[in-house]
Structures are given as C-alpha cells and as structure tokens.
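Below: the structure, in structure tokens.
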Amino acid sequence: MKEPRVVIIGGGFSGTALAVHLVRQARSQLHITIVEPRATLGAGLAYSTQDPTHRINVPASRMQLSGMEEEDFDNWYRQQPEFYQDHHALLSNGDVYPQRGLFGRYVRERLIQAQIQNGLVTVVHLRDMAVQLSERSVITASGKMLEADVVVLAISHPPPTLSRLLLPFLGHPALVADPWLSGALTKAGKETRIAIMGTSLTMADVLATLDSCGHTGAVLAFSRRGLLSRPNLIANHDIAVGASQWSGAYADLTFHSVRQLLRHIRSDIRRAAEQGLPWQVVLNNVRASGQALWQKWPLVEQQRFLRHLRRFWDVHRYRIAPQVSDIITTRQQQGNLNVIAARLVKLEADKETLTLHLRLRQGRLMTITVDKFIITTGPAHSTLTESQPLLQDLTRRGIIQPDVLGLGLNVDEHSHIIDQKGNSHPTLLVVGPAARGRFGELMGLPQVAEHAMTVAGEVLHTLRLSELTQSSALSSSKTLSYPD
C-alpha cells in the first residue's frame, strides 16, 4: 500500500506541534513534509527571536505540547546550560521565565525525539514556500511538486498592515516599520527620542530590547485606548493553594450575553479578593473555558465581544513576564516612558526626524518630534487571505474564505476548510490561530498545542478512512477538486 503523505504548510509552533502529534499518534507508515522557509522548525514569529530580553510570558511549567506533559518544558529547561547562565530567568517563588527562543528549540527536540521513537514516520523540512495547490499536490516557489493526500495550513500571523499615513514614509531613517528585523533597534542611541505606536506585547518586547541596549531617552507609547499588557502573576504558596481550590467552572455555566459574563467575572474577582487571591486566578479560569464559552454564543454576541471587550480581554489574557513588567514600571517611575490613549492624525518629516500629530482621547491635539518611530501594532489577522500568494490563489479559486468575524479562515468543527460554497473540504485543514473564529480561545498555549493534537487525530482519521474504502475521498475528483 502506498505510503500516505501529509503536507504541512508552515513550520512555526502550530505546524511543528502538529507534526509532533502526528508522529506520536501514527500506527502505520506516514510521510510528512513541512514547508517552512525559515532555517529551523518550531520557531515561527514568536519563538524565532534571539533577543535574550524576549521571554515567554507565562511560567515554563505551563508550556508544553499536551496536557499530559505538565511541566515538561520546565524540566527540560532546568537541564539546559542557559538555566545557569541566565540569572534573571529564575524568580524568588521558583518560577522560571526562559528566553523565548529556547521554547522553539524545545519543540524541535521533541519532534526529533518522536521520530526516533516511531520509525514508521518520516518527517522532511523543506525550506521553501507553498504557492499553489493542485489536485493531490502542493507546488512550491522553487517549482517542486509535493504529493499530498492531506494538506494542513499552519499559517497564522500575517504582517502588520501599515496605515495610509505611514506609507509615504517607508524608507525614512526614523521609521521602524518592522521591529522584528535583525538590528532594527540596536542603532538607537542612549538619548534617542522614541515614539511607539501600539502598547501591547510587541511594545513590551521593544522596551525590553531598548533597555538592554542602555537606552534612557524619552519614550512615548500610544494606542487608541492606551492599554498596557498586564504582568503575569508571581504566585506564592498561599495563592497557589487558593487557586487550586478556586471554583470557577465557567464552562459549566451558561452566559447568554457578553454583558452577563462580564458581570459574573467582576463578581468573581471581588469574591477572590475577599479570599486574598488576585484577579489573575479568576481570568485563568475564564481562559481555560474560553473555547466552550465562545462556541455557546450566537454570532451577535461574538461580534459584541470583539467590538467592546476584545482589547480589555487581550491585555489581561496575554500578559507579560514579570521581568519585562519591571522594566516598564521602572521607566514609568523614572519619567522616561509615557503611555497615552491617542491616534495618529498627521505625520511630517525632515531629513532625520519625524513629527507626529496625535489626537488624544480627550480630543485635544499633541505634537511630538522623534528620532525613531516604531510600529508595534501586531499581525493584521483580518488580512490573512491576502498575506501571501498561496492564500491569495486559494481565495481566488473559491477554496478558502475568511471567517465571518475576520479573525482567520472559515473552518468546520473538525478544522476542515469551508469553501466559498459552504462545503467542508475533506483533505484541507487548518491548525492554530487561523481557526480561532470557530473555536475562540486559540492564540496562546496550551490551547494551540491541544488544537494541534486534535487536528493530528483528524488527519489520521481521514487517512485511515481512505485506506478502508476502495473509492476513498482522497482519490475522488468530485469531492477533491481544486478549481482553476
């Protein structure tokens, strides 16, 4: 029998975690190709950074590839030389917040380990980009044609979309449109005047980098609401015990509206405070039930959440490491970091500097001239289908479509693509954050890891079905057509 072939498009955390779970679950021969242009797997946007100040934003004990491997990354990290070399990683309560790049390395090692333990599965990393799907094959930018019985899209984070005000200034020496580019921030002098558009996780990374470079100049950070990502909890023994006993079974409750859920959360936060527990304990319980809550809501309530509460949820849900929070707090106390609610209304330039005209939330105007203007608005998920040639081609041919909420791609309850005619595609699936319009909480660990494990099971189920039936869905041109 011919060896089934799976092609995973994207080798960041989502795609590599999927490969790990496919290798672990497979009980017969399987060939996996991961199409990823980066030199290493498992990194992606989040874990490819080599900046030592960029840390994971939760304790290492909560980072793993499945719920059955609790504290696996923590145990792995404590055996690495970096644990002894990084004197800032270990906190007084025993938690460790390693540099983010190390988690990518951990994921790669777990993939290698899985391959060693299951010789039935072959995994190949192809450094290339997929540009087209044809019937039962994937075509790459270099012209390779890969056979594929199942294709999984592990494409999650499109680049930021620059506002029309910024486009005329691309190439100006003061504009840093992509802070992730190597060396983008290292040229900032100690007293460089800086403005940052965006006040969430990427802004926190930028400040950590600037601090490590010795920058002490004035920084103005702004966004529409001026909300900073909250710090993660440094839990002592009493908090840990209290949190384990906290009864916040949100998944078992029914909330007919966003407003009703919000009232309940606020009530629980007050009740937790009476027991000496911080708000993070309550939000952790909400997060754990996030997918169940999301999927119970009708579309109108999902839209209401995104319109009114999303930004507040994001800064409380996607927190920053305590070490990074300390940098932000110190700079604010020293007076060289100012965070405001404002929007850019005009931009002017001379040879070396940019002048920003901001409208504050209260309505008045503010003007500031800076040596560096750094954009940290984050990925533009609403433009995912336009972000690369493959997705543009699939959209043009009617194979994929954005989900109705503009969060990613439209998928069914089993993570299969739903095409523009409303049909679920039997052999084209999505793994990771691009599926969050359907599932809700699907941006951070462990939810992405759990989704990867579920999608792995679905892929293998599809392949088993094809082996058991002589006229399989995999070879049916009627159900498997890729229209031109």
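Note that the numbering runs from 1 along the sequence shown for the chain.
No donor-acceptor pair closer than 3.5 Å links the side chain of H414 to the backbone N or O of S424. In this structure a side-chain-to-backbone donor-acceptor pair under 3.5 Å is missing from W313 to L306. With Q80 contributing its side chain and W76 its backbone, the two residues share a donor-acceptor pair below 3.5 Å. No side-chain donor-acceptor contact under 3.5 Å links H451 to the backbone of V431. The backbone N or O of G198 sits nowhere less than 3.5 Å from a side-chain atom of T202 that would complete a donor-acceptor pair. Put simply, the side chain of R27 gets close to the backbone of Q25: a donor and an acceptor are under 3.5 Å apart. The backbone N or O of D419 lies less than 3.5 Å from no partner atom in the side chain of N423, so there is not a single donor-acceptor pair. Side chain of R230 to main chain of L228: a donor-acceptor pair is present (N/O by atom type, distance under 3.5 Å, no hydrogens or angles). Using modelled atom types, no side-chain atom of S325 and backbone atom of P322 make a donor-acceptor pair closer than 3.5 Å. The backbone N or O of I327 lies less than 3.5 Å from no partner atom in the side chain of D211, so there is not a single donor-acceptor pair.
For D74 and S61, the side-chain atoms include no donor-acceptor pair closer than 3.5 Å. Looking only at atom types and distance, the side chain of T49 has no donor-acceptor partner in the side chain of D51 under 3.5 Å away. Inspection of the D128 and S142 side chains reveals an N or O donor paired with an N or O acceptor under 3.5 Å. For H215 and R331, the side-chain atoms include at least one donor-acceptor pair closer than 3.5 Å. In summary, the side chains of S212 and T209 do not present any donor paired with an acceptor at a separation below 3.5 Å, with no hydrogens or angles considered. A donor-acceptor contact closer than 3.5 angstrom is absent between the side chains of H125 and T33.
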Salt bridge (charged side-chain N to carboxylate O under 4.0 Å, His left out) assessment of E147 paired with K2: CA-CA 12 Å; E147 290 185 44; K2 187 177 179 181; 2.6 Å; yes

Evaluate the criterion side chain to side chain contact (heavy atoms under 4.5 Å, CB included) for residue pair L22 and L460; output intermediate values, then yes/no. CA-CA 7 Å; L22 283 171; L460 294 175; 3.9 Å; yes

Under the side-chain hydrogen bond (donor to acceptor under 3.5 Å, both in side chains) rule, what do H416 and E458 come out as? Steps first, then yes or no, please. CA-CA 9 Å; H416 290 261; E458 182 66 25; 2.9 Å; yes

Under the side chain to side chain contact (heavy atoms under 4.5 Å, CB included) rule, what do Q29 and V121 come out as? Steps first, then yes or no, please. CA-CA 6 Å; Q29 285 192 324; V121 183; over 6 Å; no

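A salt bridge is defined here as a Lys NZ or Arg NE, NH1 or NH2 lying under 4.0 Å from an Asp or Glu carboxylate O, and R24 with E69 meets this definition. Using a cutoff of 4.0 Å between basic side-chain nitrogens and carboxylate oxygens, R317 and E441 are scored as salt-bridged. Salt bridge status for D149 with R136: present, with a side-chain N to carboxylate O gap under 4.0 Å. Comment: D72 engages R110 in a salt bridge, judged by a side-chain N to carboxylate O separation of less than 4.0 angstrom. Here E352 does not pair with K372 in a salt bridge; the nearest charged N to carboxylate O distance is not below 4.0 Å.
The heavy-atom pair separating T53 from V324 by the smallest distance is O-CG2, 4.1 Å. Between I9 and I155 the shortest heavy-atom distance is O-CG1, 3.5 Å. L210 and A188 get closest at one heavy-atom pair: CD2-CB, 4.1 Å. The two residues G432 and L442 make their nearest non-hydrogen contact at O-CD2, 3.3 Å. When all heavy atoms of Q64 and A449 are compared, the pair lying nearest together is O-CB, 3.6 Å.
Annotation for E70: atom CD does not count as buried by contact number, only 12 or fewer foreign heavy atoms lying within 6.0 Å. Shown here is H308, whose NE2 atom has more than 12 heavy atoms of other residues, nucleotides or ligands within 6.0 Å. Taking a 6.0 Å sphere around CZ of R164, one finds it holds 12 or fewer heavy atoms contributed by other residues, nucleotides or ligands. The neighbour count for R224 CZ, taken as heavy atoms of other residues, nucleotides or ligands under 6.0 Å away, does not exceed 12.
A salt bridge (Lys or Arg N to Asp or Glu O under 4.0 Å) check over residues 93-105, counting only residues at least two apart or in different chains, returns the pairs E82-R105, R100-D205. Sorted by first and then second residue, the ring-ring contact (aromatic ring centres under 6.0 Å, His included) pairs involving residues 27-52 (not counting sequence neighbours) are Y47-F103. Applying the side-chain hydrogen bond (donor to acceptor under 3.5 Å, both in side chains) test to every pair with at least one member in residues 8-22, sequence neighbours left out, gives no pairs at all.
With sequence neighbours excluded, the residues forming a side-chain hydrogen bond (donor to acceptor under 3.5 Å, both in side chains) with R304 are E301, listed by chain and number. Partners of D314 according to the side chain to side chain contact (heavy atoms under 4.5 Å, CB included) rule, which considers only residues two or more places apart in sequence or in another chain, are R310, Y318. Shown here are the side chain to side chain contact (heavy atoms under 4.5 Å, CB included) partners of A174, two or more places apart in sequence or in another chain: H172, L354.
Inter-residue side-chain proximity for R287 and L283 is flagged as unmet; no heavy-atom pair is nearer than 4.5 Å. Between V107 and L41 the shortest side-chain heavy-atom distance does not fall below 4.5 Å.
In this structure, CD1 on I112 lies 7.0 Å from CD1 on I116, to the nearest 0.5 angstrom.
Using bins of under 30°, 30° to 60° and over 60° for the plane-to-plane angle, the ring pair W297/F305 lands in the tilted bin.
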